[in-house]
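On a predicted model such as this, the values are computed, not experimentally measured, just so you know. In what follows, chains carry the letters A, B, and so on, assigned in the order in which the sequence lines appear, proteins first and then strands, with residues in each chain numbered from 1.
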Number of protein chains: 2
Amino acid sequence: MNANDTRQFRSVCESAGLAVTHQRQVVYEVLRSTHGHPSPEEVYARVRRKIPSISLATVYKTIHSFIEGGIFHEVSLHHGSLRVETNQTPHHHLVCTHCRSIHDIDESELGLTTQGGKLPGGFLVERYAIDVLGRCPACQQAEGQAT
Amino acid sequence: MNANDTRQFRSVCESAGLAVTHQRQVVYEVLRSTHGHPSPEEVYARVRRKIPSISLATVYKTIHSFIEGGIFHEVSLHHGSLRVETNQTPHHHLVCTHCRSIHDIDESELGLTTQGGKLPGGFLVERYAIDVLGRCPACQQAEGQAT
DNA sequence: CTCAATGCAAAGATTTTGCATGACT
DNA sequence: AGTCATGCAAAATCTTTGCATTGAG
């Protein structure tokens, strides 16, 4: 956490309209230096090594501030509760980054629009999130050994 | 819920190795006749109109049985807890449908493989889940009116 | 000095589990 | 008959909130 880091962090906070605090800077540095897709608990554990007195609530609040400010993204916008897919035909999802509503869209309707374009229904595209679902090598091996 | 429905449901259960129960059939019919992406609570509310004595736990267990049996899908495989995306470069996700691990894959590495094919790392592709993220018309309008 | 951020503890929401009872095969 | 499913209540997670205190601008 040198002077450069601090300078960069100040400008990050400024662009997001956030006050610069020690807690936020440490959470930021931890996220920047962590690989993968950490949960708030994991972030909390790492941050506590630098600030033992930080509270989990602050970590949550800070992560949310960063996400609202566009500094980090969430892996999934619908992590709150289980949702069942009732539409059995192949389709994709229009997910509003603000209200998190989900609307189905047929494969054919989604002409892989130009980034930032509007889809027929008036949905303003910000970005795509593509999940490739399947079996990881470890699970394939485990299943091969299963009786 | 006529004889045809029951016959179809019996074969659905058979293919998934599930016992045929009245509760399961009603949950099944509710899911088939519901649009959108219902939560377990919503399913519970609808099922209770047919079986007032059903418990929420049974609805959860039934939904999980259906998902495990491949009868229905979940909208998102990572709905359990918030996860932060630390990889700032454009990428997609390899999500194991079994262990739910998430690995990043560069846009370039993902040659939009043939359905069912294997990716270089050995990941066995089952299907794609594409979320188009952006602003729904309602939120665009609300934001236009905001001060 | 003023407003926002933090820490703590308690509450809320969602989901799972243990166990006794009852239903399917 | 034996196993699996159900219902209930309690427990386990994960996340948010209210409020007093502290810190940033």
Side-chain angles (χ1 to χ4, degrees), chain A residues 6-7 9-30 37-45 47-69 71-72 74-84 100, chain B residues 6-7 9-30 37-45 47-69 71-72 74-84 100:
Chain A
T6 300
R7 204 173 315 127
F9 181 65
R10 297 193 92 88
S11 85
V12 163
C13 284
E14 190 175 13
S15 70
L18 293 172
V20 175
T21 69
H22 184 218
Q23 285 88 339
R24 283 181 178 161
Q25 179 158 7
V26 172
V27 171
Y28 179 81
E29 301 293 348
V30 161
H37 314 88
S39 65
E41 284 283 354
E42 286 169 330
V43 175
Y44 177 52
V47 170
R48 272 219 284 194
R49 304 212 274 259
K50 298 268 185 61
I51 312 176
S53 63
I54 199 171
S55 74
L56 180 57
T58 297
V59 172
Y60 269 97
K61 288 167 186 166
T62 303
I63 290 173
H64 284 145
S65 299
F66 288 167
I67 289 170
E68 274 174 40
I71 301 169
F72 289 96
E74 328 177 44
V75 170
S76 168
L77 260 70
H78 9 78
H79 63 84
S81 84
L82 173 63
R83 294 305 178 97
V84 184
R100 291 169 188 242
Chain B
T6 300
R7 204 175 313 127
F9 181 65
R10 296 194 93 89
S11 84
V12 163
C13 283
E14 189 175 13
S15 70
L18 293 173
V20 176
T21 70
H22 183 220
Q23 285 87 338
R24 282 180 179 162
Q25 179 159 7
V26 172
V27 171
Y28 179 81
E29 301 293 347
V30 160
H37 314 88
S39 65
E41 284 284 354
E42 286 168 331
V43 176
Y44 178 52
V47 172
R48 272 220 284 194
R49 305 212 273 256
K50 297 268 186 61
I51 313 175
S53 63
I54 199 172
S55 75
L56 180 57
T58 297
V59 171
Y60 268 98
K61 287 167 186 166
T62 303
I63 290 173
H64 284 145
S65 299
F66 287 166
I67 289 169
E68 273 175 40
I71 301 169
F72 288 96
E74 327 177 45
V75 170
S76 168
L77 261 69
H78 9 79
H79 63 84
S81 84
L82 173 63
R83 293 306 177 98
V84 185
R100 292 169 188 242

Hey, what are the protein-to-nucleotides 16-25 of chain C N/O distances that come in under 3.5 Å?
from: C:dT25; atom 1: OP1; to: B:Val20; atom 2: N; distance (Å): 3.4

- Message: For the backbone of A:Ser53 and the side chain of A:Arg48, can you confirm whether one donor and one acceptor N or O come within less than 3.5 Å of each other?
- Response: no
- How about B:Ser55 and B:Thr58: does a side-chain donor come under 3.5 Å of a side-chain acceptor? yes
- Given atom CZ of B:Phe66 and atom P of D:dA5, what is their separation to the nearest angstrom? 11 Å
- Any idea which heavy atoms bring A:Thr21 and A:Phe9 closest together, and the distance? O-CE2, 4.1 Å
- Atom CZ of A:Arg83 to atom C1' of C:dT14: distance rounded to whole Å? 12 Å
- Task: To the nearest 0.5 Å, tell me how far A:His37 NE2 sits from A:Glu42 CD.
- Result: 11.0 Å
- Note on the structure: Taking for B:Arg24 and for B:Leu82 the nucleotide of DNA chain D with the nearest heavy atom, the one nearer the 5' end belongs to B:Arg24
- Query: Is there a donor in the side chain of A:Gln23 and an acceptor in the side chain of A:Thr62, or the other way round, less than 3.5 Å apart?
  - Reply: no
- Sole candidate of B:Val47, B:Ile54, B:Val59 that passes side chain to side chain contact (heavy atoms under 4.5 Å, CB included) when paired with B:Val26: B:Val47
- Query: In a check of side chain to side chain contact (heavy atoms under 4.5 Å, CB included) between B:Leu82 and each of A:Val43, A:Val75, A:Ile67, which one passes?
  - Reply: A:Ile67
- Which is true for B:Ser65 with a 4.0 Å heavy-atom rule: it touches a base, it touches only sugar-phosphate, or it touches nothing? nothing
- Task: Run the salt-bridge test on B:Arg100 and B:Glu74 with the 4.0 Å N-O cut-off and return the result as yes or no.
- Result: yes
- Of the listed D:dG7, D:dT15, C:dT14, the closest approach to the B:Ser81 side chain comes from D:dT15
- Note on the structure: As a check of understanding: the bend across the helix from C:dC1-D:dG25 to C:dT25-D:dA1, end axes from five pairs, rounded to 10 degrees, works out to 40°
- Message: Expressed as a whole number of angstroms, how long is the span from A:Ile51:CD1 to C:dC8:P?
- Response: 12 Å
- Task: Please report, rounded to the nearest Å, how far the P atom of C:dT14 is from the CD1 atom of B:Ile63.
- Result: 13 Å
- Any side-chain donor-acceptor pair under 3.5 Å between B:Ser39 and A:Ser81? no
- Separation of atom CD in A:Glu41 from atom C1' in D:dT16, rounded to whole Å: 14 Å
- Nearest-nucleotide wise, let me know which of B:Thr58 and B:Gly80 is further upstream toward the 5' end of DNA chain D. B:Thr58
- Are any of B:Gln23's side-chain N or O atoms less than 4.0 Å away from OP1 or OP2 of D:dG7? yes
- What nucleic acid atoms does A:Ser53 come within less than 4.0 Å of, heavy atoms only: base, sugar-phosphate, or nothing? sugar-phosphate
- A:Tyr28 OH to C:dA5 C1', in whole Å, measures 19 Å
- Item | Nucleotide of D:dG7, C:dT6, D:dT15 approaching B:Ile54 most closely (side-chain heavy atoms) | D:dG7
